[in-house]
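Each remark here refers to the structure printed beneath this line.
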Amino acid sequence: MMTCRLCGSDDLTGVVDLGATPPCERILTAEQLDEPEVTYPLHLRVCTSCWLAQIPPLITPEETFTDYAYFSSYSASWVEHARAFVAGLDLRPDSFVVEVASNDGYLLRHVVRRGVRCLGIEPSVNVGQAARERGVPTVTAFLTPDSAEAVVREHGKADYVVANNVYAHIPDVVGFTKGLRTLVADHGLVSIEVQHLLTLMQLNQYDTIYHEHFQYYTVASAQRALASGGLTLVDVELLTTHGGSIRLWAAPEGAPSQRVSDVLAMEKAAGLHELSGYIDFTERVAKVRRDLLTFLITAAEEGSTVVGYGAPGKGNTLLNHCGIRPDLLPYTVDRNPYKHGKFTPGARIPIFEPERIAADRPDYVLVLPWNLRDELVDQLSYIRDWGGRLVFPIPALEVV
C-alpha cells in the first residue's frame, strides 16, 4: 500500500489516473525502436493528512538524471529569469552561493560574472560538464545529508542556497530538505522554485504530471515539507514560470510573511486544503484530451498538416495520454541537438531540428512547451509567411 512520503499516512485519495506511460525523459534512438519500452502507472494522489499531492516513486532519480536530456540554457526566457533573480540578490564580495540541480550553469554563470564565489551541485554528468565548460564550478552529486556535509567541509556554508525546479524531483523529501539545511548558513536563505499545484489544477496543466515529478506542492504542503528538514518558510512569491510557480524563501529561523498568509488563503478558497478542490479534475483532463484529438483528427481528414514544436517532458505526458502517434503528428522539433534524430518515448514521434518547420511549411504547429508561450510566439512568428497557425493544447485548445 502506498503511504505519504512526507507524513507517512495511508490516507491517499486519487486525483487523476493517466494510465501507464514510459518515463518522459527516456528519449529513444533509432536502434531502440524495435525494443520494448517499460511503462509505469501515472496516478496522482493527494494525502488527506498533510495535503501533499504525489505519485508513487516507481523510478529512481539515478535512472533519469545521471545522463539528462534537458539543458536549461536552450530557453532564452529561462536564462533571463535566472539573470534577473541573481541581479536581485544581496551579494557581497565574500558571499557564497550554492545551487542544487544547477544543470548547465544557466543561473550560476550570472553569479560568476559578478565575481562572487559559487558552486553547482548537479547529478547529471553531461549537463554538469557543460556548466564547467562555461566556467561554473560544479560537483557531480545528488543532494543528500551526507553529500551536503561533504560540500560544507570543503567549501563552507552558503549565504544563499538555490534549488529551482528540483523540489518535485526527489522522492526523499525529508532527506533532501535536511541537505538544504546543512548547506545554508544560520544567517542564510534558501530559495526554492517549484510549480504551484494551485495553477496546475486551475489551468488543467496535467501534462506536468510525470514520473520525474514525484510530488506537487501547495504552499501549505511545502511549508510542512520545509519544516521536516529544519527550515521555516518566511516568504513566498507567485511566479509565471512553468505556467505558474511559487518561489519559496526559507531560513533556519524566522516567521512567515503576510504574503505566505495571503497565498495560503488563496489555496484554501480554491479547496486545495480539503478534497473539494480535487474532485472534478479527471473530467477536465478528459476534455483537454478529447478536444486535442478532435482537432488533430479533423485536420488529418481535411488534409491539413500538423507538426509539433518542442520535445519536453510535459509533452510526452500529453502525447501518450492522448494516444497521439505519427499518423496525427508526423514529427516535432526541438532546439536541443541532443534530441535530434531521436524519438519521443511511447509515442515514438521523430524529433528534428527547428529548421524543418520552415522547410516543410505546415498548416499548424502544435506547441508542446506551452509554458514558453510568449517566447515561442515570437520565435515562430515566421510561420505567418505561409499562413501557418500555432496550436496551444492547455489550459484549453486554442488556435492562434
Side-chain angles (χ1 to χ4, degrees), residues 61 64-66 68 70-75 77-92 94-145 147-170 175-185 187-195 212 222 226 229 231 237 239 241-242 245-252:
T64 301
F65 300 110
T66 301
Y68 197 35
Y70 180 74
F71 290 71
S72 297
S73 292
Y74 285 111
S75 170
S77 62
W78 185 244
V79 172
E80 171 56 24
H81 174 76
R83 186 207 62 77
F85 171 79
V86 171
L89 296 180
D90 182 20
L91 296 178
R92 306 177 306 275
D94 61 345
S95 293
F96 180 40
V97 180
V98 172
E99 184 182 12
V100 180
S102 50
N103 202 265
D104 60 3
Y106 75 101
L107 184 145
L108 289 181
R109 73 191 199 189
H110 302 295
V111 179
V112 170
R113 287 172 185 165
R114 291 184 64 175
V116 172
R117 188 166 65 99
C118 64
L119 180 70
I121 302 175
E122 170 55 49
S124 301
V125 176
N126 58 328
V127 291
Q129 180 58 33
R132 286 186 285 272
E133 291 171 359
R134 288 190 172 100
V136 176
T138 305
V139 298
T140 302
F142 287 93
L143 181 66
T144 65
S147 65
E149 289 282 2
V151 168
V152 170
R153 282 195 300 269
E154 183 173 354
H155 301 277
K157 297 265 190 177
D159 300 285
Y160 289 100
V161 175
V162 182
N164 287 347
N165 302 313
V166 64
Y167 209 41
H169 290 77
I170 37 93
F176 185 89
T177 307
K178 288 179 177 177
L180 295 175
R181 174 62 187 95
T182 298
L183 290 172
V184 71
H187 65 272
L189 285 170
V190 175
S191 174
I192 298 171
E193 291 186 23
V194 68
Q195 187 184 23
E212 289 81 358
L226 290 165
L231 291 168
E237 299 175 58
L239 307 175
T241 52
H242 296 287
S245 299
I246 43 178
R247 177 181 289 150
L248 307 163
W249 289 97

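Note that these values count all heavy atoms, side chains included, but never hydrogens, waters or copies made by symmetry. Position 1 is the first residue of the sequence; numbering continues from there. Note that the coordinates shown come from a computational prediction; the quantities given were computed from them, not determined experimentally.
- Residues satisfying the side chain to side chain donor-acceptor pair (under 3.5 Å) criterion with R114, sequence neighbours excluded, are absent altogether.
- Between the side chain of R181 and the backbone N or O of V184 there is at least one donor-acceptor pair closer than 3.5 Å.
- For residues 157-166, the salt bridge (Lys or Arg N to Asp or Glu O under 4.0 Å) pairs, not counting sequence neighbours, are R92-D159.
- By the side chain to side chain contact (heavy atoms under 4.5 Å, CB included) test, V139 pairs with L119, I121, sequence neighbours left out.
- In terms of modelled atom types and a separation under 3.5 Å, the side chain of E193 and the main chain of N165 share no donor-acceptor contact.
- Side chain of R117 to main chain of H155: a donor-acceptor pair is present (N/O by atom type, distance under 3.5 Å, no hydrogens or angles).
- Counting only heavy atoms from C-beta outward, the side chains of Y160 and V116 never approach each other to under 4.5 Å.
- Between F142 and I170, the closest side-chain pair of non-hydrogen atoms is not below 4.5 Å.
- Scanning all heavy atoms of the two residues, the minimum distance from A158 to V161 falls at CB-CG2, 3.8 Å.
- In this structure, the side chains of L180 and I192 come closer than 4.5 Å at one or more pairs of heavy atoms.
- For E133, there are no salt bridge (charged side-chain N to carboxylate O under 4.0 Å, His left out) partners two or more places apart in sequence or in a different chain.
- Closest approach of P145 to K178, counting heavy atoms only: CG-CB, 4.2 Å.
- Of the inter-residue distances, the one linking L89 atom CG with S191 atom OG reads 7.5 Å to the nearest 0.5 angstrom.
- Closest non-hydrogen pair, G179 versus A148, comes out as O-CB, 3.5 Å.
- For the pair F176/H169, no side-chain contact is recorded, criterion being any heavy-atom separation below 4.5 Å from C-beta on.
- With sequence neighbours excluded, no residue satisfies salt bridge (charged side-chain N to carboxylate O under 4.0 Å, His left out) with R113.
- Residues satisfying the side chain to side chain donor-acceptor pair (under 3.5 Å) criterion with Q195, sequence neighbours excluded, are Q205, T208.
- Using a 4.5 Å cut-off on side-chain heavy atoms (C-beta onward), V79 and R109 make contact.
- Between D90 atom CG and S95 atom OG the span is 7.0 Å, to the nearest 0.5 Å.
- Taking both residues in full, the closest heavy atoms of G135 and V112 are given as O-CG2, 3.9 Å, listed atom of the first, atom of the second, then distance.
- Using a 4.5 Å heavy-atom threshold, the side chains of L183 and V100 count as touching.
- Residues meeting the side chain to side chain donor-acceptor pair (under 3.5 Å) test with Y167, sequence neighbours left out: T177.
- When the side chain to side chain contact (heavy atoms under 4.5 Å, CB included) test is applied to S245, the partners found at least two apart in sequence or on another chain are L239, T241, H242.
- With sequence neighbours excluded, the residues that form a side chain to side chain donor-acceptor pair (under 3.5 Å) with S147 are T144.
- Looking only at distances, a side-chain donor or acceptor of R132 sits under 3.5 Å from a matching main-chain atom of T138.
- Nearest heavy-atom pair, T140 versus P123, reported as atom, atom and distance to 0.1 Å: CG2-O, 3.6 Å.
- Closest approach of S102 to L108, counting heavy atoms only: CB-CD1, 4.3 Å.
- Partners of E237 by salt bridge (charged side-chain N to carboxylate O under 4.0 Å, His left out), not counting sequence neighbours, listed by chain and number: R247.
- Under the rule for a ring-ring contact (aromatic ring centres under 6.0 Å, His included), H110 has no partner lying at least two apart in sequence or in another chain.
- Considering only heavy atoms from C-beta on, F85 comes within 4.5 Å of V162 through its side chain.
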